Number of protein chains: 2
Amino acid sequence: MDLDDMFNPESVAVIGASNMEGKVGNAIMKSMKRRYIGKVYPVNIKEEKILGIKAHASVLDIDAKIDLAVIAVPAKIVPKVVDECGRAGVKNVIVVSAGFSEAGREDLELKIKDIADEYDMDLIGPNCLGIYNPAIELDTIFNPPERQDRPEAGSIAFLSQSGAFGAATLDWFSEADIGLSKFISYGNRVDVDEADLVDYFSGDKDTDLIIFYIEGVKDGRKFYEATKRCGKPIMAVKSGRTEAGSSAATSHTASLAGRDKVYDGAFKQSNVIRAHDFREMFNITKAFSFQPLPKGDNIAIVTNGGGAGVMATDELVERDMDLASFSKETKERFKKAIEDEVIPEHATLDNPVDIIGDATSKRYGKAIDIVLKDENVDAVIVVLLFQSPAIEEDIVDRLDSLQGKKPLIAVAPGGRYTHRLTAKIEKRGIPVYQTPGEGVQALWGLCRCCPERRNDNKEVCEG
Amino acid sequence: MDLDDMFNPESVAVIGASNMEGKVGNAIMKSMKRRYIGKVYPVNIKEEKILGIKAHASVLDIDAKIDLAVIAVPAKIVPKVVDECGRAGVKNVIVVSAGFSEAGREDLELKIKDIADEYDMDLIGPNCLGIYNPAIELDTIFNPPERQDRPEAGSIAFLSQSGAFGAATLDWFSEADIGLSKFISYGNRVDVDEADLVDYFSGDKDTDLIIFYIEGVKDGRKFYEATKRCGKPIMAVKSGRTEAGSSAATSHTASLAGRDKVYDGAFKQSNVIRAHDFREMFNITKAFSFQPLPKGDNIAIVTNGGGAGVMATDELVERDMDLASFSKETKERFKKAIEDEVIPEHATLDNPVDIIGDATSKRYGKAIDIVLKDENVDAVIVVLLFQSPAIEEDIVDRLDSLQGKKPLIAVAPGGRYTHRLTAKIEKRGIPVYQTPGEGVQALWGLCRCCPERRNDNKEVCEG
């Protein structure tokens, strides 16, 4: 299965394109017209023009090669339209329309699968949002941009069984400047399935991390094998963990969620990082997008509030990560810093390093520099309680100047002032989290993304 | 122990008040001068005036009754100053200064405890921020308002061993318009301890919910007994859950965190709701501040995205709460709504109710109204995926009009547009969460706040 033309088409037919506000076919046309660098062909049985572009009554009438057809017509007409695509030589089809197995019409779904097979077409959907590929501005998403943002180009592939939650994720990614290689909402995945997507993105040079939202995969064995041979980190949020949740999933995307334990075991064996929920997935992705991978999970914490250090320590230990033990050199460097009066005598210089409530940005800079130099330290969490009047705003530059080969993330719970400083720090590529737990979550995931360490947090990664 | 004058003083001496920018005694004076409705007496050994107010060299020189003294002088001078307070007849003292047991000077701390006992004074601290009481604008917090917001008056008492994280919480509460009865940062609590605070707030008419951040309590038995006899809901975030965390706590507020399991058991037996972390505490508090208590934990979910329904269901079940089973009447009402074409035929009308992607605000209104009327439903979670172009903005009014005796909360993950709508909904008193898991967290806590149900989620609460 070669999905390259599907994701990078030079020409797209929008079947069911419409001039009527509120129609899905109207919204998709607007999305496609907005910035897509290829050619768009609206198909509408009645209209001469759609949004000012000449329309055709059928895909068969278009006098050009069509790489991809996006279908948004009522479910019962979809088989006919897919068949026309086949006859027109279109090899890639996205069926956005709902009303298939999720609505009790599995028969209709199998029909379009048969037609796709007959013509040797690849088909995404039905019951989905389709594709967003920022590199070529291919955008089949019917949610308008004033309601849902689109992230810029980047290295994350986000693949979602759920269209709605996929769209919410695009909002989150946009807000956090997390760049996307491709977004695929694949819905009922009657043809192109999760395993096909893993295989494609394994070879996609633009993608460094593959993320799934799934309720259940179509073919467990095939998916397992695809993830096994994939050389890139894969992260999955899988819902339907409970029996009741799994039963709710069945009526959603008509997927048999299957026993969660089986998934959990398969994920572990095939190095799929399982994120508990969307917030955890998001927190990890934010760290992955902006920071290098750590060589291990020996973490140093630098804080101006002891309580936050305690909380971060709890979370680290509960995730089976380690508080780094500082080397002799580090202890000497701290001693020197006290002699130089950069760090006060009553600071706690064991890990977590508590440089106490009146810490200035200079003191932060010194303490972070010391722990980063320690070869026992793989990554650093800096807790910044900006409520304290002592931290100067040049902390932003200081943190930035300390960025290097080891991941550096920050935790800053707070309100208006904190948000302002957080935005400045994140602009420099240092992710900031609102609680110690979320910062630890992010580093945990980052450690798992490292090829050698995805499942064993006791081995050292050379990545 | 009567702490009423401590929390509602008519006159406050600030000992160590200073004109020097950057000094703690300067920041406290600014906070006290800002809006406090009582009388402030700065004490400074050298200056004639502090921030324009006549200063005295000692508390002994003040020719007026002082209800409360706030002390911010170097640790080694604190015993002398506390003694002067005793001689001056001051009965309530807050020692803000650090440098006591947390810095290896337990001797100094015991000394001030002895002096306080000698004069029958109540003492909060040392190593703390002190008190913020919005009703009289008493504010001893040295963090400036441009860095840390102060919540308005309300019904939550927030009591924190950690000053820094306490301050961050004030920021969070302010941002979410969560009102505060009192904030107490009590630090090393050498005299007034957690149990004393529970007793006081049990009887404080302004307080409906008591929240603690603790690493360890001073006297476990005393605390347990105070919580046992307290008639109000108490919630605690306790860190130092792990051995490493607990050991970090020891160097923070010099508290022996003790075995976490012992705490956990005591919390359960005395109906203290344990929140895992600050986000969970915050999520629960937001629901408590704005919504009524539920009679049970049978929850209905209404969503325009199936995936979110699945996630919410998982989280409910994992917290041992129940998806409400709908009554016959509810099923008939849904049937009628389909006949009236307000709800489409292919919506999922079992719980979770999926009114699908093209749900309008009218459809939301109908579905929520139906489930709220069901006597098997104790509370409702509404998932709003605002990325969908179908929901009109009058959803804000519709949700508002549905508020009544049962808790109604919303979940809306997203970006700029979602934030705008979220702010509008929250202005009407309906708390909105970013993930299904956090919405469930909030309802879980709300159920536990109900007197009859704090620990047993199988009994029905008549609260």
Side-chain angles (χ1 to χ4, degrees), chain A residues 27 98-99 103 142-144 146-149 161-165 167-168 171-172 174-175 213 215 239-242 244-245 248-249 251-253 277-279 304-311 313-314 317-318 323 346 348 352 354 357 385-389 413-418 434-435 437, chain B residues 27 98-99 103 142-144 146-149 161-165 167-168 171-172 174-175 213 215 239-242 244-245 248-249 251-253 277-279 304-311 313-314 317-318 323 346 348 352 354 357 385-389 413-418 434-435 437:
Chain A
F142 57 71
N143 296 324
E146 63 275 16
R147 291 231 173 189
Q148 181 225 294
D149 289 310
Q161 190 169 358
S162 161
F165 233 90
D171 254 353
W172 284 20
S174 302
E175 196 166 37
Y213 168 74
E215 287 160 14
S239 63
R241 294 188 298 268
T242 63
S251 56
H252 172 216
T253 37
D277 57 15
F278 265 76
R279 194 179 286 279
N304 64 339
V310 178
M311 290 179 232
T313 302
D314 278 341
V317 172
E318 284 168 353
L323 263 187
H346 48 300
T348 307
D354 183 357
L385 292 155
F386 278 122
Q387 292 77 21
S388 157
R416 288 179 299 177
Y417 181 77
T418 299
Q434 287 228 14
T435 66
Chain B
F142 56 70
N143 297 322
E146 64 274 17
R147 293 233 174 186
Q148 181 224 294
D149 289 311
Q161 189 168 2
S162 160
F165 233 89
D171 253 354
W172 283 22
S174 303
E175 195 167 37
Y213 168 73
E215 287 160 15
S239 63
R241 293 188 299 268
T242 62
S251 55
H252 172 216
T253 38
D277 56 16
F278 265 76
R279 194 179 285 279
N304 64 338
V310 178
M311 290 178 232
T313 302
D314 279 342
V317 173
E318 284 168 353
L323 262 187
H346 48 297
T348 307
D354 182 358
L385 292 155
F386 279 121
Q387 292 76 23
S388 156
R416 288 179 297 178
Y417 181 76
T418 299
Q434 287 229 14
T435 66

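So you know, we letter chains A, B, ... as the sequences are listed, proteins then strands, and number each from 1. This is a predicted model, so every value here is computed, not measured.
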Max heavy-atom pairs within cutoff under 4.5 Å with chain A, candidates B:Ala167, B:Gly309, B:Ala244, B:Pro389, goes to B:Pro389
Quick one: pull up OG1 in A:Thr435 and CZ in B:Phe165 and give me the separation to the nearest 0.5 Å. 7.0 Å
Chain B shares the most heavy-atom pairs under 4.5 Å, among A:Pro144, A:Gly437, A:Pro413, with A:Pro413
Return the option, out of B:Trp172, B:Phe386, B:Phe278, with the maximum number of heavy-atom pairs under 4.5 Å with chain A. B:Trp172
Max heavy-atom pair count under 4.5 Å with chain A, selected residue of B:Arg279, B:His346, B:Gln148: B:Arg279
So, does A:Asp314 use its side chain to make a donor-acceptor pair with the main chain of B:Ser239 at under 3.5 Å? no
Can you tell me how far the CD atom of B:Glu215 sits from the CE atom of A:Met311, to the nearest 0.5 Å? 7.0 Å
Output the distance between atom CD (B:Gln387) and atom CZ (A:Phe142), rounded to the nearest 0.5 Å. 11.0 Å
Need one label for A:Pro352: side chain, backbone, both or neither, based on atoms under 4.5 Å from any heavy atom in chain B. side chain
With B:Ser174 via side chain to side chain contact (heavy atoms under 4.5 Å, CB included) - residues at least two apart: B:Asp149, B:Pro151
Might you point out which heavy atoms bring A:Thr313 and B:Ala248 nearest each other, and give the distance in Å? OG1-CB, 4.4 Å
Residue pair A:Leu385 / B:Ala168: nearest heavy atoms and the distance that separates them: CD2-CB, 4.1 Å
Interface moiety of A:Glu146 toward chain B, non-hydrogen atoms closer than 4.5 Å: backbone
Interface residue of largest heavy-atom contact number with chain A, from B:Ala27, B:Gly414, B:Ala164, under 4.5 Å: B:Gly414
Salt bridge (Lys or Arg N to Asp or Glu O under 4.0 Å) with B:Asp277: which residues, sequence neighbours excluded? none
